[in-house]
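Reading through the structure tokens given below for one structure.
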Amino acid sequence: MPKIAICDDEQPIREYLKSLTEKCIPDSQVRLFGSGEALLRDQTSFDVILLDVSLRGEDGNQTLNGMETARKIRETSNAMIIFVTAFKEYVFEGYDVGAFHYLLKPIDEQKFTEVMDRAIRQIRSKKNAEPLVIKVGGN
């Protein structure tokens, strides 16, 4: 059961992304966050994080933006980060934090499904990979 975080400061977009996610990955566990700080406080080990680049706090004040949040996530996690944003000028910065993909708003539902399917296939193949054990001299 894939664990997916959705972090966007706009509640309707969070709900929309949740509905798209549940539609293409029915067995997923989806958690919603309105700020980078809220996401970082959560102790869940997420498989995929859908993250807006431009984040504002719940009270409308500036907060950690998506890139700063992603950098902090990378300190402790290898979760697949998929940026979902209206700002295409940050695409190259997304590579600096090891983003899996970069989706532009408004969301193309077919593209969203393709990206999520690919992400989940990759996660499942990593989890199902069996370790290779080599014995040398009895060790």
Side-chain angles (χ1 to χ4, degrees):
M1 178 178 309
K3 294 178 185 168
I4 300 171
I6 298 173
C7 184
D8 195 297
D9 56 338
E10 297 180 53
Q11 194 266 338
I13 293 176
R14 287 193 303 266
E15 294 296 332
Y16 176 62
L17 291 172
K18 181 180 180 184
S19 71
L20 288 178
T21 300
E22 290 174 340
K23 184 177 169 183
C24 67
I25 311 164
D27 68 333
S28 61
Q29 280 184 347
V30 180
R31 299 275 315 270
L32 304 179
F33 302 92
S35 70
E37 289 89 351
L39 174 60
L40 293 170
R41 279 192 302 268
D42 192 284
Q43 298 299 310
T44 305
S45 178
F46 292 105
D47 298 303
V48 177
I49 300 172
L50 299 172
L51 183 59
D52 188 11
V53 171
S54 175
L55 294 171
R56 293 203 169 272
E58 310 248 332
D59 59 0
N61 292 322
Q62 185 62 35
T63 184
L64 286 175
N65 69 32
M67 289 298 169
E68 293 163 340
T69 302
R71 282 187 192 91
K72 290 190 178 288
I73 289 167
R74 282 292 171 248
E75 293 173 7
T76 60
S77 171
N78 287 325
M80 290 189 167
I81 297 173
I82 300 172
F83 285 107
V84 182
T85 186
F87 301 101
K88 61 183 172 186
E89 59 268 18
Y90 292 101
V91 69
F92 295 111
E93 199 174 337
Y95 289 110
D96 292 340
V97 295
F100 179 74
H101 211 286
Y102 198 96
L103 294 170
L104 290 175
K105 295 176 186 175
I107 303 297
D108 177 317
E109 291 186 23
Q110 181 177 347
K111 183 68 174 176
F112 179 89
T113 300
E114 289 171 11
V115 170
M116 291 299 284
D117 284 347
R118 200 175 55 188
I120 296 304
R121 274 196 316 272
Q122 192 168 331
I123 288 165
R124 287 182 175 152
S125 71
K126 283 181 185 178
K127 286 185 177 182
N128 293 333
E130 291 188 34
L132 176 64
V133 179
I134 300 173
K135 288 189 175 192
V136 176
N139 294 324

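These numbers come from the heavy atoms of this one structure, side chains and all, not from hydrogens, waters or symmetry mates.
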At what distance, to the nearest 0.5 angstrom, does [atom1] of [X] lie from [atom2] of [Y]?
X      : Y      : atom1 : atom2 : result
Lys3   : Ser28  : NZ    : OG    : 12.5 Å
Ile6   : Asp52  : CD1   : CG    : 12.0 Å
Gln29  : Glu22  : CD    : CD    : 11.0 Å
Asn78  : Ser45  : CG    : OG    : 9.5 Å
Lys18  : Leu32  : NZ    : CG    : 5.5 Å
Phe100 : Met116 : CZ    : CE    : 9.5 Å

Query raised in the report: Under 4.0 Å between a Lys/Arg side-chain N and an Asp/Glu carboxylate O for Lys105 and Asp8?
Result: yes
Quick one: does any side-chain atom of [X] pair with a main-chain N or O of [Y] as donor and acceptor, under 3.5 Å?
X     : Y     : answer
Gln43 : Arg41 : yes
Thr85 : Phe87 : yes
Glu68 : Asn65 : yes

Which heavy-atom pair separates [X] from [Y] by the least distance, and what is that distance?
X      : Y     : value
Leu64  : Leu55 : O-CB, 3.5 Å
Gly36  : Thr69 : CA-OG1, 3.4 Å
Leu104 : Ala86 : CD2-C, 4.4 Å
Met67  : Val53 : CE-CG2, 4.2 Å
Arg74  : Gly98 : NH2-O, 3.2 Å
Ser77  : Ala79 : OG-N, 2.9 Å

So do the side chains of [X] and [Y] get within less than 4.5 Å of each other, counting heavy atoms only?
X      : Y     : value
Ile123 : Pro2  : no
Cys7   : Leu51 : yes
Ile120 : Val48 : yes

Report task. Go through Asp47 and Ile4 one step at a time and tell me if the side-chain contact (heavy atoms from CB on, under 4.5 Å) criterion holds. Result -> CA-CA 6 Å; Asp47 298 303; Ile4 300 171; 5.6 Å; no
**Report entry** Non-neighbouring partners of Phe112 that pass ring pair (Phe, Tyr, Trp, His ring centres under 6.0 Å), sequence neighbours left out
**Finding:** none
Query raised in the report: Taking the six-membered ring for Trp, are Phe46 and Phe33 parallel (under 30°), tilted (30 to 60°) or perpendicular (over 60°)?
Result: perpendicular
Requested in this report: Run through Val97, Leu103, Leu50 and flag the one making a side-chain contact (heavy atoms from CB on, under 4.5 Å) with Phe83.
Outcome: Val97
Requested in this report: Flag yes if more than 12 heavy atoms outside Asp108 fall under 6.0 Å of its CG atom; otherwise flag no.
Outcome: yes
**Report entry** Working for side-chain contact (heavy atoms from CB on, under 4.5 Å), residues His101 and Glu114
**Finding:** CA-CA 11 Å; His101 211 286; Glu114 289 171 11; over 6 Å; no
